[in-house]
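To keep things clear, I will list the structure first and then write my remarks on it.
Every number for a ligand or one of its atoms is a count from 1 in the order of the listing. This one's a predicted model, so the numbers in the text were calculated from it and none came from an experiment.
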Amino acid sequence: MQVSKKIILFVSGGGSNAKAIYNYFQQFSSVEFPLLVCNNPNSAALTWAEEVGIPTRLVDRNNFREVGLLEEMKAIQPDLLLLAGFLWMIPKEWLQIWPQEIINIHPALLPDFGGKGMYGMNVHKAVKAAQKKVSGITIHRVNEHYDEGAILLQATCSIAVTDTPELIAQKVLKLEHFYYPRLVSQILGIEA
Ligand code: GRF
């Protein structure tokens, strides 16, 4: 009997990446989602998670760093902690426990357009302002610096001069939803 792989999801925004990952793994019985951590009480991801039966933990600036959450996550013994549009820095002690297991997706081709303040539409506006012909995604391991961990995957999309930041965001989000679940599947050794 294969032991299930356990993924903890972290969301700040709409949660579309978390949904894409969850939906992708419905074809496998060997992956569980024991917890979704969210720092935004208005995120649609919270209601979605409750609908599909994923336990949720709403965090704020105080309890996010409290030992309670860390103990809860350690007890789960997760194989991966996936940041899916999660905007807070990960506490250093988490990185000591899970040096390889925390992964983030960034909606640009790091090291360009990364670091503090570079999230969501800010990224796509900066790509547009720089008149880039190509943008894309970067999936990387998380370390103690924003967007600087080892890069695991990059994928690109072409940008037309007429593309608005909103259209760039749409193109990039499509890449995210396609590649993030498939890279996670590879990392977990679960082949489709
Ligand atoms: C995505 O663009 C992701 O790359 C970035 O934040 C956005 C999250 O979108 N980190 P969602 O919450 O997954 O819909």
Worksheet item: How about F86 and F64: are their ring centroids closer than 6.0 Å?
Response: yes
Worksheet item: Which protein non-hydrogen atom lies closest to atom 14 (O) of ligand 1, naming both residue and atom, and how far is it?
Response: S16 OG, 2.5 Å
Fill in: I105: numbered ligand 1 atoms lying under 4.0 Å from its heavy atoms
4 (O), 10 (N)
Worksheet item: Is any N or O atom of V11, backbone or side chain, closer than 3.5 Å to an N or O atom of ligand 1?
Response: no
Item to complete: Establish, yes or no, whether the cationic atom of R182 lies under 6.0 Å from the six-membered ring centre of Y180 and within 45° of the ring axis.
Response: no
Worksheet item: Which ligand 1 atoms are under 4.0 Å away from a heavy-atom of G15?
Response: 11 (P), 12 (O), 13 (O), 14 (O)
Fill in: atom 9 (O) of ligand 1 [closest protein heavy-atom partner, distance rounded to 0.1 Å]
N17 ND2, 3.9 Å
Worksheet item: Does a donor on one side chain sit under 3.5 Å from an acceptor on the other, for N40 and S12?
Response: no
Discussion item. Taking atom NZ as the centre, does K19 end up with more than 12 heavy-atom neighbours from other residues, nucleotides or ligands that are less than 6.0 angstrom away?
Written reply: yes
Worksheet, complete the sentence: One should read off an interatomic distance between L175 CG and C157 SG, to the nearest 0.5 angstrom, of 5.0 Å
Worksheet item: Are the aromatic rings of W88 and F10 close, with centres under 6.0 Å apart?
Response: no
Worksheet item: What atoms of ligand 1 come closer than 4.0 angstrom to any heavy atom of G14?
Response: 12 (O)
Discussion item. Give the atom numbers and elements of ligand 1 that come within less than 4.0 Å of a heavy atom of E176.
Written reply: 1 (C), 2 (O), 3 (C), 4 (O)
Fill in: Protein contact of atom 6 (O) of ligand 1 - nearest heavy atom, named by residue and atom, plus distance
G85 CA, 3.5 Å
